[in-house]
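What follows is a single structure, written as structure tokens, with notes after it.
Per chain, numbering begins at 1; letters A, B, ... match sequence-line order. The analysis underlying the following values was restricted to heavy atoms, covering all of them including side chains, and did not include hydrogens, waters or symmetry mates.
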Amino acid sequence: MTDSDKPTNFIEQIIGDDLSSGKTSKLVTRFPPEPNGYLHIGHAKSICVNFGLAESFAGECNLRFDDTNPEKESDEYVQSIIEDVKWLGFNWNGEIRYASDYFGQLYQWACDLIDQNKAYVCELNADEMREYRGTLTEAGKESPFRNRPATESRALLEQMKAGEIAEGSMTLRAKIDMASPNINMRDPVLYRIKRIAHHRTGDKWNIYPAYDFAHGQEDAIEGVTHSICTLEFAANRPLYNWFIENLDVPSTPSQYEFGRLNINYSITSKRKLKQLVDEGHVEAWDDPRMPTISGLRRRGVSPQAIRNFCDSLAVAKTDGVVDMAQFEHFIRDDLNNNARRAMCVLKPLLVTFTNYDQSELFTASSHPQRDDLGSRELHFDRQIYIDQSDFSEDTTLSRKKFKRLVLGEYVRLRGAYIIRADEVIRDADGEIQEIKASVIENTVGADAPEGIRPRGVIHWVSALNSVDCTINLYDRLFNQALPDAGEGSFTDHINPDSLKVIEGCKAEVSLANIKPSERYQFEREGYFCRDSKAENLVFNCTIGLRDNWKA
RNA sequence: UGGGGCGUGGCCAAGUGGUUAAGGCAUCGGGUUUUGAUCCCGACACUCGGAGGUUCGAAUCCUCCCGCCCCAGCCA
């Protein structure tokens with residue numbers, strides 16, 4: 001699908017109009033995360049929207065950290081976000097921006113507002129402020145400090161800034177309208193005292209600007225023309241505009257909101273993802289089960305798959321829940337097109353050939369449809385492993401129902417011989433230990449001879465030339481489509497079997513030294529990549545192959 | 001409840017008064033295949049939250065009703 005096939009969404013229409021009317025000469029957007037956690041798939045949509053818009057309208061997109069609350073933020077988060085945006089393949093305009101770089105200007109604007117009599121230092125505490133704010137149906141009451149002289153507010157704000165005032169005892173508030181039907185307009189807090197070090201400004205500041213007082217002005221400073229955020233900020237827009245109108249800002253940005261991404265069986269809330277990490281439900285932010293960018297990366301999902309998925313999503317004002325299957329489709333689609341093929345046996349069953357005692361090297365293509373991906377060598381010896389699930393003694397199984405190896409029958413070994421299972425060897429407990437089998441001569445790369453009908457094709461690996469590995473199989477992290485819905489906590493719906501570790505798997509030797517960034521399809525099993533943290537050979541299952549047959 | 005926003009197939013959606021109501025995912029049939037994958041064909045909304053109304057003509061305009069989401073942090 002090309003861009004021209006895609007209908008334009010409402011934001012593209014607005015931008016198009018603004019560009020053609022001359023209201024906007026060059027589009028500037030921004031992706032403005034708060035560095036208080038790792039980025040997740042929901043952010044990926046926002047990133048794709050903002051950077052994508054800039055790309056398609058020949059504009060620019062800034063990367064800006066909205067670091068106005070030092071309590072929750074850290075440099076670790078800053079670094080992870082930078083890495084994730086880069087990994088997704090986007091290039092931001094110029095240097096990375098930080099709200100904290102604008103603290104001085106923001107403070108100046110706060111003083112200007114006081115001088116205009118549009119802001120005041122308020123001494124109501126949090127509880128009192130809540131009471132004065134009123135409710136959804138009742139107007140609020142004006143603060144007793146609302147009409148204090150500007151000079152007094154200026155002096156008090158200076159003291160707050162200097163660290164002379166206790167946390168929680170004073171705030172700087174805008175003087176707007178305590179009876180506004182929009183609660184955000186009822187004298188919102190502009191500055192609050194936090195005598196805490198900031199990860200970038202250290203202890204320079206004792207007061208920090210609130211989101212509403214910062215965001216629009218940051219956009220204005222950077223010349224952002226279209227400030228695109230998610231729906232929950234819609235009620236903040238009048239306030240955003242109020243600051244733009246009442247302050248001497250260098251440009252006039254406009255805010256537009258679209259529906260954030262929700263995916264079933266998953267969670268797209270930084271706060272909740274942090275909880276999963278903090279409470280040890282997952283290993284870390286980059287646990288392969290996490291919907292974080294870093295988790296998806298470690299899981300083996302490609303940046304292109306994430307981008308294709310995000311591009312398939314609507315930019316609209318509806319807030320729906322996208323089916324995980326839609327994401328999985330794009331993961332598989334990209335991997336199918338680009339992942340090299342290899343073989344790995346998860347549950348090895350030894351097969352010994354009684355009529356073969358050589359060692360051969362076969363060449364197998366790395367991809368059935370892409371010659372450019374080259375080929376690899378396959379060791380074939382007198383002993384191989386097949387998967388336990390690919391063998392059955394039940395000769396009554398129909399050919400349609402079981403396309404694998406059955407005692408006394410034939411099967412094709414992928415890229416190698418057709419073989420016949422002749423005998424089952426059991427251990428003392430009666431468990432199948434080994435299969436004695438025969439190789440059918442001259443069947444490599446050749447059609448089955450007359451009278452021999454293999455039931456199907458199975459994967460295998462040489463028992464003499466293979467590498468041991470461990471495989472992590474994942475299931476969805478939550479066993480409920482909407483972990484957030486209903487009573488109780490989302491953590492009540494964590495799937496206890498989301499990780500299955502399989503030891504003693506056997507992989508073809510070409511897999512011994514691959515890098516985590518190389519993604520493979522293990523034929524007939526799924527897509528895998530090497531884990532980036534494990535020292536041994538560990539593969540994470542990104543996603544299984546589609547499975548259309550009904551057992 | 002005051003304000004803001006949203007309701008089109010199982011899911012995501014296009015649709016901007018005249019189209020046989022796009023497309024993708026999922027699902028179900030069938031074909032190809034040395035991966036039960038891929039690929040290819042085909043099926044899948046007389047109807048757009050509901051009820052009225054305007055109009056030659058309505059998913060699109062009007063009225064009323066119903067449902068869902070967001071806002072009462074010194075979070076973002």
Side-chain angles (χ1 to χ4, degrees), chain A residues 1 5-9 13 32-34 36 66 68-69 71-72 122 124-126 129-130 133-140 167-173 179-186 188-194 207-208 210-212 214-215 229-238 257 259 261 264 270-271 312-314 316-330 332-333 336-337 341 343 364 367-369 400-404 411-416 418 443-448 454 456-459 521-526 544-551:
Chain A
M1 177 151 69
D5 296 335
K6 271 173 70 177
T8 57
N9 62 55
Q13 289 181 21
E34 183 191 15
N36 64 345
D66 215 355
T68 56
N69 184 0
E71 244 169 276
K72 299 181 171 181
C122 179
L124 253 26
N125 65 31
M129 203 180 289
R130 192 176 313 117
R133 188 155 34 228
T135 67
L136 294 177
T137 49
E138 299 162 298
E167 269 187 42
S169 59
M170 287 185 195
T171 56
L172 179 71
R173 292 228 259 166
S180 172
N182 181 348
I183 294 182
N184 294 292
M185 302 299 273
R186 319 241 262 229
V189 169
L190 272 33
Y191 267 97
R192 69 285 214 210
I193 301 169
K194 283 181 191 285
I207 56 173
Y208 293 92
Y211 166 83
D212 286 304
H215 206 93
C229 62
T230 44
L231 249 26
E232 66 268 29
F233 291 101
N236 299 59
R237 187 174 358 113
E257 312 88 18
L261 171 62
N264 59 16
K270 243 194 262 178
R271 203 202 94 227
S312 82
L313 302 169
K317 293 203 171 209
T318 42
D319 43 5
V321 181
V322 174
D323 197 326
M324 183 58 97
Q326 187 163 335
F327 187 27
E328 292 177 340
H329 164 79
F330 286 97
R332 285 199 184 93
D333 186 54
N336 175 52
N337 291 329
R341 311 286 128 119
M343 291 194 283
H367 190 112
Q369 286 89 28
K400 185 152 175 81
K401 204 173 173 197
F402 195 76
K403 305 168 113 169
R404 310 176 186 196
V411 80
R412 158 81 66 183
L413 294 179
R414 170 120 250 234
I418 292 172
T443 52
V444 180
D447 289 341
V457 180
I458 63 171
H459 60 107
Q521 181 195 101
F522 291 175
E523 288 186 290
R524 298 213 312 133
E525 292 289 358
L545 257 26
R546 268 189 63 157
D547 208 358
N548 280 334
W549 64 291
K550 33 249 163 250

[atom1]-based separation of [M] from [N] [nearest Å]:
N	M	atom1	value
B:U54	B:G17	C1'	12 Å
B:G9	B:U27	C1'	12 Å
B:G49	B:A59	P	10 Å
B:C69	B:C74	C1'	26 Å
B:A21	B:A14	C1'	10 Å
B:G73	B:G7	P	29 Å
B:G67	B:A51	P	16 Å
B:U47	B:G2	C1'	36 Å

Candidates [options] - which lies nearest the side chain of [X]:
X	options	answer
A:Ile183	B:C74, B:A13, B:G2	B:G2
A:Asn236	B:A76, B:A72, B:U38	B:A76
A:Leu545	B:A72, B:U35, B:A76	B:U35
A:Tyr211	B:U1, B:U35, B:A76	B:A76
A:Lys72	B:C75, B:U38, B:U16	B:C75
A:Gln13	B:C74, B:G15, B:U35	B:G15
A:Val457	B:U35, B:C71, B:G3	B:U35
A:Arg341	B:A72, B:G3, B:A37	B:A37
A:Leu313	B:C12, B:U1, B:A14	B:C12
A:Glu232	B:U16, B:C70, B:C71	B:C70

N/O donor-acceptor pair, side chain A:Gln521 with base B:U35, under 3.5 angstrom: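 Present.
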
Restricting to non-hydrogen atoms, name the atom on A:Thr68 and the atom on A:Arg192 that form the minimum distance, rounded to 0.1 Å.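 So the two residues come closest at O-NH1, 3.5 Å.
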
So which nucleotide does B:C64 pair with, by the Watson-Crick or G-U wobble rule with both distances under 3.5 Å?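 Answer to the pairing question: B:G50, which forms a Watson-Crick or G-U pair with B:C64.
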
Would you indicate what [X] reaches in the nucleic acid, counting non-hydrogen atoms under 4.0 angstrom: base, sugar-phosphate, or nothing?
X	result
A:Gln369	base
A:Ala446	base
A:Val444	base
A:Asp447	nothing
A:Lys317	sugar-phosphate
A:Met129	base

Please determine whether a side-chain nitrogen or oxygen atom of [X] lies at a distance below 4.0 Å from atom OP1 or OP2 of [N].
X	N	value
A:Arg332	B:A37	no
A:Thr135	B:U1	no
A:Arg524	B:U34	no
A:Arg130	B:C74	no

Would you tell me whether A:Gln326 and A:Ser312 have side-chain atoms, one donor and one acceptor, within less than 3.5 Å of each other?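 There is such a pair between these side chains.
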
